[in-house]
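These notes concern the structure reproduced below.
Residue numbering restarts at 1 for every chain, and letters A, B, ... go by the order of the sequence lines.
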Protein chains: 2
Amino acid sequence: MIEVPTRERLITEAMRLFCEQGYRATSVAQIEAAAGLAPGSGALYHHFKSKEALLDAGIDRQLDRRQSMRDIRMLFRGVGDLRTDLTLLGRYLTAVIDEEQQFLTIAANGPGSQSPRLTTAYAALLHGLHADLAELTGNWGPNIPADEVEAISVVGINALLGNRVSILLGAHKQSISDDRFLSEWTKMLSCRIEKATTPDS
Amino acid sequence: MIEVPTRERLITEAMRLFCEQGYRATSVAQIEAAAGLAPGSGALYHHFKSKEALLDAGIDRQLDRRQSMRDIRMLFRGVGDLRTDLTLLGRYLTAVIDEEQQFLTIAANGPGSQSPRLTTAYAALLHGLHADLAELTGNWGPNIPADEVEAISVVGINALLGNRVSILLGAHKQSISDDRFLSEWTKMLSCRIEKATTPDS
DNA sequence: GTCTATACGCCGATAGAC
DNA sequence: GTCTATCGGCGTATAGAC
């Protein structure tokens with residue numbers, strides 16, 4: 001039986017609540033209550049200087065997790081045909097976006113410009129996703145121009161991102177299952193890459 | 001010289017501020033100041049019962065605009081080849097999402113579950129976009145199974161949505177121009193639809 | 001319809017006992 | 001480290017003069 005430190009519990013519950021209700025809408029008392037402390041007591045301030053410092057700590061923890069996921073992903077690169085590679089990468093990218101969903105929700109309308117840390121972290125996230133898909137596209141379509149590779153990867157990443165966002169906004173009805181979505185995503189991209197490799201037959 | 005009624009100015013400025021800073025972060029005083037009234041005075045409450053009633057009024061106005069755009073779009077259906085139709089629809093869908101961007105930002109982390117009106121309006125928006133693309137896909141690929149048509153349209157819509165969202169979140173760097181994006185989006189979808197029409201040659 | 005003034009509540013943060 | 005108690009500030013909403 002391991003005791004989770006209060007500081008960690010505060011970060012976990014805070015990020016969950018920020019994600020659900022937004023940064024401003026979540027009060028310090030609520031976070032304390034969720035972490036098992038007396039709501040309204042300033043107990044939180046013995047671990048963090050301010051509410052925003054707590055958010056920064058949450059961002060840093062998320063950044064570490066992302067790096068871990070990226071390390072693991074390197075083990076599964078380039079083993080198989082185009083569709084298999086695309087499917088594996090698609091699963092990885094979806095998992096990353098899911099893991100960072102808290103980010104996205106908070107960044108969408110959190111402190112916004114008040115917290116440059118958020119926009120920086122988000123830009124780095126998108127850049128990484130984009131680079132991964134662009135690398136795969138370039139490997140399987142060696143004679144595709146660089147700017148076309150870029151366009152393909154942007155559309156591909158944004159499709160995944162949009163799918164997650166639409167779910168996030170409560171569009172459960174018209175969305176399809178993850179498996180079907182990823183299957184179609186793979187089909188569409190492989191179709192495009194294959195056709196670009198053989199321009200006219 | 002037409003005098004814009006105070007009520008309309010209040011709605012316009014409120015939606016703009018909600019979009020920039022979020023619903024909760026925007027104070028009534030700020031809205032009053034933006035509309036040319038004395039900040040802090042309750043002048044706003046002579047036009048709206050509460051701050052949330054103001055948001056509802058903004059939502060209703062947006063719904064009317066959407067209906068207008070939809071009426072216009074009906075004039076441009078099904079004239080040309082697959083790519084032309086896709087490009088026209090893509091421009092229309094992008095325009096709709098842009099017009100509703102205020103929605104998206106507010107819905108992403110506004111009152112959330114507090115305001116069922118927002119989620120309803122957003123679900124209706126996505127449903128309309130999805131139906132448009134599904135209809136086009138079905139028309140140009142008559143022998144594609146219905147569930148495949150659905151998957152294609154979901155991926156297509158989410159790509160557009162994700163593109164707008166990523167811009168919205170401040171990812172100006174890795175994003176490409178609208179023209180290049182729409183061009184690639186058209187290529188990818190037409191490629192997919194054409195291939196599905198002729199399964200194996 | 002718009003103003004000044006104000007009531008009331010909630011939240012972030014601090015002080016000090018234990 | 002956690003508690004009780006509290007200060008100061010901001011935000012919504014109202015009352016009443018003009």
Side-chain angles (χ1 to χ4, degrees), chain A residues 1-59 105-106 109-115 117-118, chain B residues 1-59 105-106 109-115 117-118:
Chain A
M1 192 100 151
I2 305 170
E3 278 213 15
V4 177
T6 304
R7 186 190 154 89
E8 291 302 315
R9 282 200 328 254
L10 283 170
I11 295 180
T12 302
E13 297 302 323
M15 292 298 281
R16 186 177 60 80
L17 289 170
F18 289 164
C19 178
E20 288 175 3
Q21 315 172 347
Y23 175 76
R24 292 188 78 109
T26 303
S27 68
V28 173
Q30 217 173 345
I31 300 171
E32 289 170 334
L37 303 180
S41 73
L44 183 144
Y45 293 96
H46 285 259
H47 301 271
F48 302 97
K49 192 196 66 185
S50 69
K51 189 181 170 186
E52 196 175 352
L54 169 59
L55 174 59
D56 285 341
I59 293 174
T105 320
I106 300 169
N109 174 356
S113 54
Q114 304 176 19
S115 178
R117 227 178 168 125
L118 264 179
Chain B
M1 193 102 154
I2 306 170
E3 278 214 12
V4 178
T6 305
R7 186 190 153 89
E8 290 303 315
R9 282 199 329 255
L10 283 169
I11 294 179
T12 302
E13 297 302 322
M15 292 298 281
R16 185 178 60 81
L17 290 170
F18 290 164
C19 178
E20 288 174 3
Q21 314 172 346
Y23 175 75
R24 293 188 83 106
T26 304
S27 69
V28 172
Q30 220 174 341
I31 300 172
E32 290 169 333
L37 302 180
S41 73
L44 184 144
Y45 293 97
H46 281 84
H47 300 272
F48 302 97
K49 192 196 68 184
S50 69
K51 189 181 170 186
E52 197 175 350
L54 169 59
L55 174 59
D56 286 342
I59 293 175
T105 320
I106 300 170
N109 175 352
S113 54
Q114 303 176 17
S115 177
R117 226 177 170 126
L118 262 179

query: Quick one: are B:P5 and B:E8 in side-chain contact, heavy atoms under 4.5 Å?
result: yes
statement: When rounded to whole Å, the CD to C1' distance for the pair B:Q21 and D:dC10 reads 15 Å
message: Please report the distance, rounded to the nearest Å, between CG in A:L44 and P in C:dC11.
response: 14 Å
task: For B:E8 and C:dG1, give me the distance from atom CD to atom P, rounded to whole Å.
output: 12 Å
Separation of C:dC3 P from B:H47 NE2 (nearest whole Å): 10 Å
- line: Of the candidates C:dT4, D:dT2, D:dT12, the side chain of B:S27 sits closest to D:dT12
task: Side-chain contact test, heavy atoms from C-beta onward, threshold under 4.5 Å: evaluate it for A:T26 versus A:I31 and give yes or no.
output: yes
task: Take the protein atom CD1 of B:I31 and the nucleotide atom P of D:dG11, then report the distance between them rounded to whole Å.
output: 12 Å
- prompt: Under 4.5 Å between any side-chain heavy atoms of B:E32 and B:E13, yes or no?
  reply: no
query: Is A:T6 near enough to D:dT2 that one of its side-chain N or O atoms lies under 4.0 angstrom from OP1 or OP2?
result: yes
Pairs: protein N or O with nucleotides 13-17 of chain D N or O, under 3.5 Å:
from	atom 1	to	atom 2	distance (Å)
D:dA13	OP2	B:Y45	OH	2.9
D:dA13	OP2	B:K51	N	3.1

- request: Figure out the CZ/C1' separation between B:F48 and D:dT12, and round it to whole Å.
  value: 16 Å
query: Is A:R9 close to A:T12 at the side-chain level, that is, under 4.5 Å between some pair of heavy atoms?
result: no
Atom pair distance, as rounded to whole Å: CD in A:E32 and C1' in D:dA5: 14 Å
query: Which part of the nucleic acid does B:L37 contact within heavy-atom distance under 4.0 Å: base, sugar-phosphate only, or nothing?
result: sugar-phosphate
statement: When rounded to whole Å, the CZ to C1' distance for the pair B:R24 and D:dG11 reads 11 Å
query: Quick one: are A:F48 and A:D56 in side-chain contact, heavy atoms under 4.5 Å?
result: no
- line: CZ (B:F18) and NZ (B:K51) are apart, to the nearest 0.5 Å, by 5.5 Å
